[in-house]
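Remarks on the structure that follows.
Residue numbering restarts at 1 for every chain, and letters A, B, ... go by the order of the sequence lines. A quick note: this is a predicted structure, and the numbers were derived from the prediction, not measured.
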There are 2 protein chains.
Amino acid sequence: MKHYQTQAALMKALAHPVRLAILDVLRRREACVCHLEATLGQRQAYISQQLMQLREAGLIDSRKDGRMVYYWISDGRVYGLLDVLCGPAPVGGSYRADGCPCPYCAASIDAETIPVFSNKENSHAQR
Amino acid sequence: MKHYQTQAALMKALAHPVRLAILDVLRRREACVCHLEATLGQRQAYISQQLMQLREAGLIDSRKDGRMVYYWISDGRVYGLLDVLCGPAPVGGSYRADGCPCPYCAASIDAETIPVFSNKENSHAQR
DNA sequence: TCCATCCATTCAATAAGCTGAATATATTGT
DNA sequence: ACAATATATTCAGCTTATTGAATGGATGGA
């Protein structure tokens, strides 16, 4: 019999509405905590708690830029799973969040045309 | 903000190694409890407990035939999720289990060439 | 340096999930 | 009717997850 332990751990990390909501945001582009806070309407500490769990599960990674910390999906399986769960991710659009001070939202930058901030390969080609 | 409650419930049902193992068996064809018991090497009562949870989550359905109860996957999303989690399901093969008294295993019937027992549409086209 | 902002961490109370054990139900054959 | 077989259910003890609250740490601007 195979091991389903690792797969179950992946499912467990996704088995939470707020964590799913976070990943559904992150599959469009990387985002800072304040952006998730504004988008999801949840307290900052709570968002951070869920981000920690996602990080411990190896689903996301982060980088620090000034005061902001940007998170993105680092496990390619998440994209496929979200496609089944939520349908395909919308492409394009401004994707702004009111009250979020991050450069993405301040400039209302389109998700596709970002030369400065897009440095991680989000091309769904990871494993 | 969308509801991720139903999707999270689906993930929660999958967030268990034995339940994943059960579904990985069922995605090949329907199976009785004794077949799962023999295949997974788990106690019967334990298998039944997990089957109950999968049924309550709406992922599987069952039919009774004599003393046996056959289970199959009734939520089409499960196939897509298992494809991402475990890779594509193997096709063909005898798929017998030692010690299982069900007709499938007694006759060592191939998963594809079953005229008598295959009555449910397992064509992944639901939902 | 001081303050405001953005994020992370710890703690505690409650809720939920896990699983072994025991037992119940239903069906078939003798 | 009785026994054997296949499956379902309930219960209890234990572990784990959830979430609000409070607080800590780091960064940048004045």
Kindly point out which of D:dG20, D:dA6, D:dA8 is positioned nearest to the side chain of B:S48? D:dA8
A:Y71 has its side chain closest, among D:dT9, C:dC7, D:dA6, to C:dC7
Are a donor atom and an acceptor atom from the side chains of A:Y70 and A:D65 found within less than 3.5 Å of each other? no
Do you see a donor-acceptor pair shorter than 3.5 Å between the side chains of B:Y104 and B:E30? yes
The reported gap from CG in A:L14 to CD in B:Q7 (rounded to nearest 0.5 angstrom) is 11.0 Å
Value for CZ (A:R27) from CG (A:L81), rounded to nearest 0.5 Å, stands at 10.5 Å
Distances under 3.5 Å between nitrogen or oxygen atoms of protein and nucleotides 25-30 of chain C:
unit_1, atom_1, unit_2, atom_2, d
C:dA26, O3', B:K64, NZ, 3.2

With a 4.0 Å heavy-atom cut-off, tell me which residues in residues 49-60 of chain B come close to DNA chain D, sorted by residue number. B:Q49, B:M52
Rounded to whole Å, how long is the line connecting atom [atom1] of [X] with atom [atom2] of [N]?
X	N	atom1	atom2	result
B:H16	C:dG17	NE2	P	12 Å
A:Q44	C:dA4	CD	P	18 Å
A:Q42	C:dA8	CD	P	16 Å
B:I47	C:dG20	CD1	P	11 Å
B:I22	C:dC18	CD1	P	12 Å
A:Y70	C:dC6	OH	P	11 Å
B:L14	C:dG17	CG	C1'	15 Å

A:R43 side chain N/O closer than 4.0 Å to the phosphate oxygens (OP1, OP2) of D:dT19? no
Quick one: is C:dC6 close enough that its OP1 or OP2 comes under 4.0 Å of any side-chain N or O from A:H35? no
Could you check A:V25, A:L20, A:V18 and say which one makes a side-chain contact (heavy atoms from CB on, under 4.5 Å) with A:I22? A:V18
So among A:P103, A:C100, A:C105, which one has a side-chain contact (heavy atoms from CB on, under 4.5 Å) with A:C32? A:C100
Results of side chain to side chain contact (heavy atoms under 4.5 Å, CB included) for A:Q53 - residues two or more places apart only: A:R19, A:Q50
Between A:P17 and B:H3, is any pair of side-chain heavy atoms under 4.5 Å apart? no
Side-chain (A:R55) to main-chain (A:I60) donor-acceptor, under 3.5 angstrom: no
Taking for each residue the nucleotide of DNA chain C with the nearest heavy atom, is it A:K12 or A:M68 whose nucleotide lies nearer the 5' end? A:M68
